[in-house]
Amino acid sequence: MEGAKKDIPMIKKWLNQHHQLYTAATRHPFTLSIRDGSVQLSAFKRWLGQDYIFVRAFVPFVASLLLKAWKESDDDSDIEVILGGVAALNDEISWFKREASKWNVSLSNIVPQKANLEYCRFLESLMSDDVEYTIAVTAFWAIEAVYQESYAHCLADGSKTSEELKETCQRWGNDDFGRYCGSLQDIANRRLEKSPEDIISKAEAIVIRVLEYEVEFWSMSRGEN
Ligand SMILES: Cc1ncc(CO)c(N)n1
């Protein structure tokens with residue numbers, strides 16, 4: 001039957017193919033320890049300070065993505081979805097400051113650790129004009145999706161997350177953030193569907209690197225690297 005066969009979206013294929021790595025990023029011992037209540041306070045504080053640095057570097061990346069969307073997108077609504085991400089980041093930065101003062105973490109003299117520096121350098125490489133919109137928006141989806149999946153799991157059935165950490169998990173694990181990640185995934189899939197093979201394989205490689213950086217970031221938070 002003509003047109004009856006619906007292709008499987010690209011990201012779904014990748015998540016099946018790279019299931020192990022995706023699980024390593026979204027079910028990491030760090031977030032699993034939040035979920036089972038055993039997380040070390042020192043690890044949580046380390047994550048908090050390091051992620052504040054990451055989020056600050058994330059802002060110019062998202063700004064560059066907005067610019068690419070404006071220049072290259074075939075759909076006006078992409079800009080609105082990404083702008084929603086900017087609004088969330090604005091909120092996140094205020095939240096990090098409040099949360100840091102609650103835990104007595106000083107944000108003014110945090111030394112970025114190796115895994116963080118490398119991840120931030122990778123973000124910076126994606127800001128280049130040479131990186132296509134399709135690649136950058138796919139990376140953006142992957143970065144947001146790991147946090148969404150990881151922290152939603154900390155709130156899901158059977159979790160023993162402590163009351164004081166629930167707000168952190170809510171920040172990325174709430175349903176609105178889930179829908180926003182779904183919209184990013186739809187954008188990425190739509191673009192990938194129309195892309196030539198070389199862009200598709202480049203995007204796949206970038207997703208793999210994002211997942212690897214996320215694993216390293218969680219491990220760093222546990223003091224492991
Ligand atoms: C390391 C990292 N990845 C993803 C997000 C999601 O915003 C974040 N805040 N930090």
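Both counts, for ligands and for their atoms, begin at 1 and track the order of listing. Hydrogens, waters and symmetry mates are skipped; everything else that's a heavy atom, side chains included, is used. Numbers here simply count residues along the sequence, with the first being 1.
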Going by the order shown, which atoms of ligand 1 are within less than 4.0 Å of some heavy atom of Val55?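 The atoms of ligand 1 under 4.0 Å from a heavy atom of Val55 are 9 (N).
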
Any idea which atoms of ligand 1 are less than 4.0 Å away from a heavy-atom of Glu214? 1 (C), 2 (C), 3 (N), 4 (C)

Measure from the ring center of Tyr213 to the ring center of Trp218 and say whether it is less than 6.0 Å. no

Tell me which part of Asp51 gets within contact of ligand 1: side chain, backbone, both or neither, using heavy atoms under 4.0 Å.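 The answer is the side chain.
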
Output yes when Lys102 and Glu99 qualify as a salt bridge under the 4.0 Å nitrogen-oxygen rule, no when they do not.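 Looking at Glu99 together with Lys102, the answer is yes, because their closest N to O distance falls below 4.0 Å.
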
Strictly below 4.0 Å, N to O, side chains only: are Lys202 and Glu132 in salt-bridge contact?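 Salt bridge flag = yes for Glu132 with Lys202.
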
Mind checking whether Val146 has a heavy atom under 4.0 Å from ligand 1?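 It does not, in that no heavy atom of Val146 comes within the 4.0 Å cut-off of ligand 1.
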
Consider only side-chain N and O atoms of Tyr147 and Asp51, and report whether a donor and an acceptor are under 3.5 Å apart. yes

Closest to atom 2 (C) of ligand 1 (judged by heavy-atom distance), picking from Phe177, Tyr147, Phe217, Trp172: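 Ranked by closest heavy atom to atom 2 (C) of ligand 1, first place is Tyr147.
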
How far is atom 6 (C) of ligand 1 from its nearest protein heavy atom, and which residue and atom name does that atom have?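 Ranking protein heavy atoms by distance from atom 6 (C) of ligand 1, first comes Glu144 OE1, 3.1 Å.
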
Report whether Val62 and Val59 are members of the same hydrophobic cluster (ILVMFWY, side-chain heavy atoms less than 4.5 Å apart, transitive linking).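 Hydrophobic grouping puts Val62 with Val59.
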
